[in-house]
Structure formats: structure tokens, C-alpha cells
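Below is one structure; the comments refer to it alone.
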Protein chains: 2
Amino acid sequence: MSSTEATSGTGKIARSLDLLWNTGTRPARGPKPGLSIDRIVTTAVELADAEGLDALSMRRLATELGTGAMSLYRYVPGKAELLDLMIDRVQGESLDAEGATGTDTADGSEAPDWRTAVDAMARGFLNHFRRHPWLLKVNQARILLGPSALRGFELALGPLKSMGFSDPEMISVIVAAQNYATGVARMEIQTAEAVRETGLSDEEFWDSQQPYLERAMASGDFPRQAALSEDAFTADIDHFEFGLHLLLDGLEKRVAERGQSGESPRRA
Amino acid sequence: MSSTEATSGTGKIARSLDLLWNTGTRPARGPKPGLSIDRIVTTAVELADAEGLDALSMRRLATELGTGAMSLYRYVPGKAELLDLMIDRVQGESLDAEGATGTDTADGSEAPDWRTAVDAMARGFLNHFRRHPWLLKVNQARILLGPSALRGFELALGPLKSMGFSDPEMISVIVAAQNYATGVARMEIQTAEAVRETGLSDEEFWDSQQPYLERAMASGDFPRQAALSEDAFTADIDHFEFGLHLLLDGLEKRVAERGQSGESPRRA
DNA sequence: TCGATTCTGGGTACGGCGTACCCAGTGGGC
DNA sequence: GCCCACTGGGTACGCCGTACCCAGAATCGA
């Protein structure tokens, strides 16, 4: 029932970055390492994907790798840094996967229009969380700017130039899409987790509250809820789509306003 | 560096709901309890607010209350259920606080127009998280429908009727605002947490990555990032406001399409 | 008034966690 | 062939949630 969260520590940032950019050099003396950061990160991601962040303990990961728990600390300063590496790893993988469907053109020709691009970006964020639900529980505020992070950001920036926004506003567009997708992902993931942890389906759960609910509705204190139609919660509206459309329509309006105010569409 | 998350368990839902609705009855025999659920929940919320969810262990909470750890289990089935109660508690408090500024009218007259109401709702969600950052780490998918939850939902529904949406769509509006605010809250809270945990300010952190970043920019692989203006990240754009306006503008368009815009825009 | 009963308080213990510390053994450089 | 930097990993510490169980308190029927 518990989960782990971490942020990279003070003096270890440089070390983590070295790991990320492969700047580290193997010492000449001593026995050759039996493991590799790559293998550790790969296994860690597989484990977290399959069984959740709770299952990813240093002991368990070591067992999975066939070594002792403390051996991992020869490769990684601590669990926090391992998580940083995992973040970069899955970021790269998602970019490869999404890149295949193409939100950007490799040949330098103009990217797709911004609306499809932002749409794809938001979907990309959501899918990324769906592929790796444990990401939601990891502090990503102190993201290490590894190759994958930069590549992703570069890809995202491409189609936004055509909006005619200032640079800070362009960042805001990305942040808005990211934040919205994150919120949706949180709701989805927590729901799935609740089902898994309690062994109780959503329906079973809400049913178990029904008696209390009926009493409350009968009290007359909640007329608006009592008046809601039966399908208010069960109708298969895709909440994500709904909100995403709102965001895109809002952007559309802002782009139109910008267009007629004669702002320079591109930075020098 | 670790934090706790929980969902209420199978057989304990009824018990939790009894606690929430005060349905439980004290037994006649035996010594009088020295604690009360109310005091436990209050202290737990204070502790979590002040020192974060990590500090909220059963042992620590018991110490704070001047008793032994196991005594708490006389009042609460487990930590998961305690968290459920804490959620309901702060929900109620936030409603009281926000209610004072008034997103709804108590006298039954028409509520303010939907745009200010949704705006206030989103701000309310964000402020709620700001007051109680630990909420972000608690699984809220299986929220117990206590009095506070129902009251909050009832309050939110009020001003939305004027939008002319179907019931499921109205839910979608609330969900969209909630999800967006949650995403923003996550970013804010994780940033603050990173500062606190590492003792490193944001600037110090990004500075420490600067050498790697410069090398990457010089490589020419990231032209769009290299071309970003200096103030791209430092400009004091409020990202939350930006995205919220997008959502509201998007809603505006949708409401107009519905053709029911003849509703009274504001109460006299 | 006095057991009997039923409850509350909380000590002890178990299996988990991250990781500090330390020693044994390996193998390339001289 | 020796030295010693290096890797592997066992042990231990202080946390966590909580199962189990017993001592003592409060109230009942007699």
C-alpha cells in the first residue's frame, strides 16, 4: 500500500548526469563489473511496469538481477538516481514509439499544423503515463536534462512556432497540455490501482456506498445531485477528449487574436 | 524520501462510512476511550500539513497524541481509512473557507454566471492542494461519499445548469477543471518538495546542469531550444492562468454552440 | 458489594524498506 | 609476482504498518 518517491540529491547530480550522458570512464584496475547501468535500468523499468513502484525495492531488483542488494550501489548512487535514469529511459522509448507515428518531420519540411501537433502532444503525455503508471508517483520537477528529455522538448517545440506566440507563451502551451494530461492520467491510474489493490470493481465500490447515498439524497440536502439523470456518471463520454477539445478551442481563439494583432510569427 | 499511498480496503468500507456519518454507537461496557476519531484526524491533518505525508506514521501520530502506536487501531481500522477520513475533513474545511468568498448563494437565488463559477472552481481545486500538498499522494479514486464530498459536489453543480449542457457533459466540465488543476498542483508541489528535500534552489539545480546543457546546445542537435530567448523560462507568466483561460474560452465556444447563451449573465 | 464481562491501552514482534559500513576476493599495472 | 584499486555482497541500523496478546479499567447482573 505504500509507494516511493524521490528526487535526486545535492552532490549526486553531476554523477547522475555523467551516467546519463555516458561521460563516466571505467577504471582500469580491478575486476570487470558483472552488471551494467543499462541492464539495471532496463530491469528496473520492466519490474516497475509489471508490478508497480511498490515492487521496485533495491532488494527485489537485485534478486531479479541475480546479485545482492548492495551491489547495485556500485552502479547507482541511490534509488533516487535510479529513478532519474528510469525516467530518461522511458522518455526515450516513448519518443521512439510516438516518433514513428510522426508528430514531426525529419526532413526539415514544415511540421503539421499546431492543432494536430498539440493534440498529439497531449495524447502522447497521456499514453506515456499509461505505459508507465509509476511515473505519476515520481517527482519529475527536477528532471535531468539527458538526451531524451532534450529530444522530446525539441520535438514538441517544432510545430508551435506557427502559432505566433512568444517563447514564454509557447512554453505555457506545452505546460498546459502536460498538466491537463497529467491530471487525467492521475485519475485513470488511481482508479486502476484501487481496483487492483482492493479487488473490488468500481461498481462494487459505489454499490457499497449506495445505502448511505440514498439516505443522503432522501434528506433533501442535495437537490441538484438528486436531480441528476441516471446516466450522468455512466454515459460513455470520454472526459479526456472533452477537456482536450476545450484546450484546443481556447488555443484557437488565442492564435486568431494574435494573428490580427500583427505579432511577429517567428523569432529572430 | 518515501511516501505513503493507500486506498480503503474491501470489508472496511462500511466501517469507514460509519465513522464518516457518525453512525457508530459507543458500547456501554468498558472504560471510556481516551481519544476520539475527531482528535486523531485533526492531529493527523496538522501533522501532514506541517511536515508532509512522510512524517505521518502511526508511531509518530501516536506520539503526537501522547499515546502508543497501537492505540490508534482502536479508533481506525488502518492507515488507509485514516487517510479517507483526513480527505473528508479537509474537504469540509476548504468548502467552509471557499464558501465564505461565495461561489454559491445561500438564499437560493441564482448563482453567479458559469464562467466565474468554473474559474472559481478550478482555483478552489488548486488552493485545496496548496493547503494540503499531501492530498496529491493519496489515492482519491475511491473517495468516500461523506457529507463534505456531497456538499462540495452540490456546490459545484449549481452554477453549471446555465450552460445548457447534458448531465454527463456537466460532469465532464467539473472533471476537466479538476484534472487541469490537479496537474498544475502536482507540478507546483513537486517543485517545492524538491527544493525542501535537496536543499537546492531551482536556480542552483538548473545551473548544475548548465555545462552539460551548453555542450548539448553547441552540438547543433537541438536548434529550436538553442534559439529560445533568454526569458523563455524565467518570464513571469502564470502558467495556471494561461491554461485556465484556454479551458474557459473553450467552454465559452461550446456554450455558444449550444445556443442557450440567453441565460442571465450575472445577478443584479 | 462483588465477580464476570467487555472494553481500552499499548508492549512486543514480524517482515518489509533504503542504505552505511566493512571485509573478502579479483585482476590489471608495475 | 606483488600491490592495491576495484567489485561483490553480508550484516546491521533505524524506519515503516500492523498482528497478536495481555494488563487493567469500567460497567453490568447478582
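Keep in mind that this is a model prediction, so the values were computed, not measured. Letters A, B, ... mirror the listed sequences (proteins, then strands); counts begin at 1.
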For A:Tyr73 and C:dC21, give me the distance from atom OH to atom P, rounded to whole Å. 13 Å

For the pair made of CG in B:Leu56 and P in D:dC15, what is the distance, rounded to whole Å? 16 Å

I need the CE-C1' distance between A:Met58 and D:dG10, as an integer number of Å. 16 Å

Between D:dT18 (C1') and B:Arg59 (CZ): distance, integer Å: 8 Å

Looking at the side chain of A:Ser57, which of C:dC17, C:dG11, D:dT7 is the nearest nucleotide? C:dC17

Grab the CZ-P distance between B:Arg74 and C:dT6 for me, whole Å please. 15 Å

Over how many whole Å does the gap from B:Leu61 atom CG to D:dC16 atom P extend? 11 Å

Rounded to whole Å, the CG-P distance (B:Leu72 to D:dC16) equals 13 Å

For C:dG9, does either OP1 or OP2 sit under 4.0 Å from a side-chain N or O belonging to B:Tyr75? yes

Ring centroid separation B:Tyr180 to B:Phe125 under 6.0 Å: no

B:Lys79 NZ to D:dA19 C1', straight-line distance once rounded to whole Å: 17 Å

Measure the CZ-CH2 distance between B:Arg142 and A:Trp206 for me, rounded to the nearest 0.5 Å. 8.0 Å

In plain terms, say whether A:Asp96 and A:Arg151 are close enough for a salt bridge, that is, a side-chain N and a carboxylate O under 4.0 Å apart. yes

For D:dG9, take OP1 and OP2 only and decide whether either is under 4.0 Å from a side-chain N or O of A:Ser71. yes

Identify which nucleotide among C:dC22, D:dG17, C:dG10 has an atom closest to any side-chain atom of B:Thr67, counting heavy atoms from C-beta outward. C:dG10

Using a 4.5 Å cut-off on heavy atoms from C-beta on, say whether the side chain of A:Arg39 contacts that of A:Thr42. no

Closest to the B:Met70 side chain: C:dT12, C:dG18, C:dC21? C:dT12

If you assign each of B:Arg60 and A:Gly66 to its closest nucleotide in DNA chain D, which residue comes earlier from the 5' end? A:Gly66

Report yes if the side chains of A:His128 and A:Leu135 come closer than 4.5 Å at any heavy-atom pair, otherwise no. yes

